[in-house]
Number of protein chains: 2
Amino acid sequence: MATTRAEETPTRREQILATAADLFAARGFHGVSVADLGAACGISGPALYKHFASKDAVLAEMLVTISERLLDVGRTRVARADDADAALRGLVDWHVEFALHHRALIIVQDRDWESLPADARERVRSLQREYVDLWAAQLRLLHDGLDLTAARAMAHAAFGLINSTPRTGSLPDPSLHDLLIEMALRALLPPA
Amino acid sequence: MATTRAEETPTRREQILATAADLFAARGFHGVSVADLGAACGISGPALYKHFASKDAVLAEMLVTISERLLDVGRTRVARADDADAALRGLVDWHVEFALHHRALIIVQDRDWESLPADARERVRSLQREYVDLWAAQLRLLHDGLDLTAARAMAHAAFGLINSTPRTGSLPDPSLHDLLIEMALRALLPPA
DNA sequence: CGCGCAGGTTAACGATCGCTAACCTGGGGG
DNA sequence: CCCCCAGGTTAGCGATCGTTAACCTGCGCG
């Protein structure tokens, strides 16, 4: 037990998580064996179990971490905003930025979350629900008489719009960034 | 070989395809064994091979069929429209209707298409590309100076918005239908 | 009437996968 | 100086899966 600060960069763990994100995104959680994952990290096969309790645990840590981060930053963006309009713009901006910088994670999150062990799945679902409600609350401030269920559906639709990006290839990132923000805001804001 | 019209309802095949769509949507292609699929059809295990050459072939027929149908109806909607605005509204309407009536297929299509055998995957990709370009062409008529790449990205984003629905639960279908059409059109049409 | 075949059955094989066991090794702290 | 353990290795087990093989059966047609 070194005196280094708690949770100091254990590079191997992080390398495994990053590599796993890419592989899972490319071939699906079930399409990647632990041997594949190990090989892609320069080690091989069962050496993974020195860092994670199971293959599921890799997925779990990956998805729980990003769900927490999405919610956490989302909350600070809302807290920092002056009104609902600014809050929503902050949320859209954050989500687009995240999706463009972590395409692999976005793919894995909404393709493979059902492969999570039960407890992690429940945790992720709970975090996502809070994140959705963070958006929904702002939407209800902006649209008169919008009920919670419809607001949640709007938030989901906006996530779908923004998260669709990783699938698409060619458009360069800055243009895509602007395009997504424009489209999302038009879809979410009441017509002027 | 009966004298019934070619491809008259071979109920078993269709039952298998419909059941497979639901199971694949719920647990993922790799999460459903042929034994599971057989059992859900009232038969068991290898009896499937009397109707399909392989498990992959079930997925392939499912996804090729819906890709063809999406493109086919999309084209007639465009042909039937008087101008680009009407064409785009027709496309949005058709896609929303399809997504709401075939939620399972939508989920499988964009989660499990990578599990397709190479030839079917190429066919599906080609059909999807044509479908995207059908949308993109209308978008370019509506937005001055929009290049093809950006138009394709817009179409992808709209698909993401509309296809996000199956994931969401509670909102009753008619409200969801209207909500999605409104949001998609606001995102896609140039600001008035 | 008989017979063929569509459409089932169960048994079993080979591959693959997640994971465990048992063993090795080198470098840093007591 | 020695020893301990973090972090690797290879071998192999047990389960599961897709698929094939071999066999059965009842219905429709000649």
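Worth knowing before you read on, the calculation uses all heavy atoms, side chains too, and leaves out hydrogens, waters and symmetry mates. Proteins come first, then strands; the chains are lettered A, B, ... in the order of their sequence lines, and each starts at number 1.
The shortest distance between side-chain heavy atoms of Gln128(B) and Leu70(B) does not fall below 4.5 Å. Between Val124(B) and Gln109(B), the closest side-chain pair of non-hydrogen atoms falls below 4.5 Å.
In this structure, NE2 of His30(B) is placed 14 Å from P of dT16(C), rounded to the nearest angstrom. The nearest whole Å value for the distance from the OH atom in Tyr49(B) to the C1' atom in dC13(C) is 14 Å. The distance between atom CZ of Phe52(A) and atom C1' of dG18(C), rounded to the nearest whole Å, is 16 Å. When rounded to the nearest whole Å, the span between CG of Leu48(B) and C1' of dG7(C) equals 12 Å.
The residue Val32(A) sits close only to the backbone: its heavy atoms come under 4.0 Å of sugar-phosphate atoms, none of a base. Across all strands, Lys50(A) comes closer than 4.0 Å to base atoms (heavy-atom distances).
Along DNA chain D, read 5' to 3', the first and last nucleotides having any atom under 4.0 Å from a heavy atom of chain A are dG7(D) to dA11(D).
Within 6.0 Å of the CZ atom in Arg27(A), the count of heavy atoms belonging to other residues, nucleotides or ligands exceeds 12. Within a 6.0 Å radius of CG in Asp173(A), other residues, nucleotides and ligands contribute more than 12 heavy atoms. Heavy atoms of other residues, nucleotides or ligands lying less than 6.0 angstrom from CG of Asp83(A) number more than 12.
Residues meeting the side chain to side chain contact (heavy atoms under 4.5 Å, CB included) test with Ala35(A), sequence neighbours left out: Ser33(A).
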